[in-house]
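The structure appears below as structure tokens.
All figures in this text were calculated on a predicted structure; none of them were measured in a lab. We're numbering straight along the sequence, starting at 1. One-based numbering, in listed order, for ligands and for the atoms of each.
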Amino acid sequence: MGKVIINDQITERSEAVIDIEDRGYQFGDGVYEVIRIYDGSLFTAEEHLNRFYQSAEKIKMIVPFDKKQLRALVEQLVKENQVKDGSLYMQLTRGASPRNHVFPGEEIQPVLTAYTKEVPRPEEAMANGVKAIVVDDIRWLRCDIKSLNLLPNILAKQEASEQGCFEAIQHRNGLVTEGSSSNAYIIKDGKIQTHPATNLILNGITRQVIAKLCAENDIPFSEEPFHIDDLFNADEVFISSTTSEVMPVIQIDEQVIGDGKPGRITSQLQSLFVAKIESDKHNK
Ligand code: PDD
């Protein structure tokens, strides 16, 4: 089963205990991160940890470690679990105290937990592309926070799954925000377009890597909202996330995108992304 982190300790998973009144369990009162592990090392760890601290701050929680300590702790977990290609999940809740919506007093410490698992890269889906559906975005107005509250995302993803699709692409009044667990992009006439990093989306770390790769390689990239009609009429569509990387979308609802195969620019981005993974490994 491997080892896990509880607060500042690394322990066997079978020995880990969480209080039944942990606020993460009762209210979803906490934040999380998912970090990819390639060849035993954490990819874009600094960026994920920065967002973890920002998410915590946005919900008025203080991470009870400095960033260096936390990084050392999660790196130690990856090492002890001997993960090769996988992911690290970490979350911080507002701690355990008798159920009450109001924050507990300062004597209650936040609870940090983390675990790792082996996850292969989704090679086949990335090579062939995936299908998606379009759904209403029924989430709250602080989607920039990586909060534990994922019920609308879960409902959207479940609907996609029941329709044999990989992802649900969400929209507000016709404007596409993002996927249920990914960012969404269209490509039209050589230009990539995605929703700006406002309160309506999570500013994905993969999204930020993609924006940088585009800037370095003269690929036009614009952060402007687009309509679901633009989605259906795009030359190419893709989504991105820590676990899905750059994932081509070849069909949305009944509409085939482009010629139904991953497009040229999406494939180019996939190659650039793999090169970035490789170069980060060598820079360790
Ligand atoms: N999901 N938007 C949403 C709503 C997400 O949940 C995610 C990530 C992203 C992409 O962010 P990033 O590139 O930093 O992974 C965008 C993670 C992987 C998850 O919940 O499992």
Side-chain angles (χ1 to χ4, degrees), residues 24 28 30-38 42-55 58 74 85-92 113-122 125-126 130 132-161 166-172 175-185 192 194-214 221 223 225 237-247 249 269-270 272-273 276-277 280:
V31 296
Y32 77 103
E33 275 299 325
V34 181
I35 312 181
R36 200 74 171 84
I37 302 161
Y38 294 117
L42 290 162
F43 180 66
T44 54
E46 204 58 28
E47 290 83 347
H48 281 279
L49 288 177
N50 286 341
R51 188 173 63 186
F52 190 62
Y53 279 77
Q54 286 158 11
S55 290
K58 286 174 181 176
V74 294
D85 290 310
S87 64
L88 169 92
Y89 176 88
M90 58 194 289
Q91 72 169 44
L92 186 73
T113 49
Y115 62 86
T116 60
K117 61 179 176 185
E118 283 286 337
V119 189
R121 295 183 58 221
M126 287 194 294
V130 295
I133 56 167
V134 167
V135 299
D136 252 333
D137 191 339
I138 59 166
R139 298 174 303 161
W140 70 331
L141 298 174
R142 293 306 307 275
C143 298
D144 54 312
I145 301 171
K146 206 158 169 58
S147 137
L148 295 178
N149 286 272
L150 290 175
L151 206 41
N153 309 59
I154 288 166
L155 292 174
K157 184 76 101 189
Q158 179 62 22
E159 191 171 339
S161 171
F166 182 82
E167 181 57 301
I169 298 177
Q170 305 170 101
H171 71 91
R172 284 187 198 265
L175 291 183
V176 173
T177 50
E178 61 179 339
S180 71
S181 65
S182 60
N183 292 112
Y185 312 73
I192 302 180
T194 194
H195 195 285
T198 64
N199 60 309
L200 298 183
I201 69 158
L202 183 77
N203 188 5
I205 304 302
T206 321
R207 179 186 182 279
Q208 295 170 42
V209 170
I210 290 168
K212 196 152 172 262
L213 291 173
C214 286
F221 182 92
E223 297 182 64
V237 174
F238 69 94
I239 54 174
S240 76
S241 80
T242 293
T243 40
S244 297
E245 301 181 10
V246 176
M247 183 64 78
V249 177
L269 273 178
Q270 288 179 319
L272 292 170
F273 197 83
K276 158 84 177 152
I277 296 170
D280 275 21

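The shortest N/O to N/O separation between Tyr32 and ligand 1 falls below 3.5 Å. Of the polar atoms of Thr206, at least one N or O is found under 3.5 Å from an N or O of ligand 1, judged by distance alone. Between Glu178 and ligand 1, a contact under 3.5 Å exists for at least one N or O pair. Annotation: Arg51 places an N or O atom under 3.5 Å from an N or O atom of ligand 1; distance criterion only.
Set against the non-hydrogen atoms of Asn183, the atoms of ligand 1 under 4.0 Å away are 10 (C), 16 (C). For ligand 1, the atoms lying closer than 4.0 Å to a non-hydrogen atom of Val34 are 19 (C), 21 (O).
Atom 8 (C) of ligand 1 has as its closest protein heavy atom Lys146 NZ, 3.4 Å. Among protein heavy atoms, atom 6 (O) of ligand 1 sits closest to Ser181 CA, 3.5 Å.
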**Intermediate values then yes/no, salt bridge (Lys or Arg N to Asp or Glu O under 4.0 Å), Glu245 and Lys276** = CA-CA 11 Å; Glu245 301 181 10; Lys276 158 84 177 152; over 6 Å; no
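Checking Gly204, Ser180, Cys143 against atom 4 (C) of ligand 1, the nearest heavy atom belongs to Ser180. Which of Thr242, Thr44, Leu202 comes nearest to atom 12 (P) of ligand 1 through a heavy atom is settled by distance: it is Thr242.
The CZ atom of Phe43 lies 15.0 Å from the CG atom of Leu88; values are rounded to the nearest 0.5 Å.
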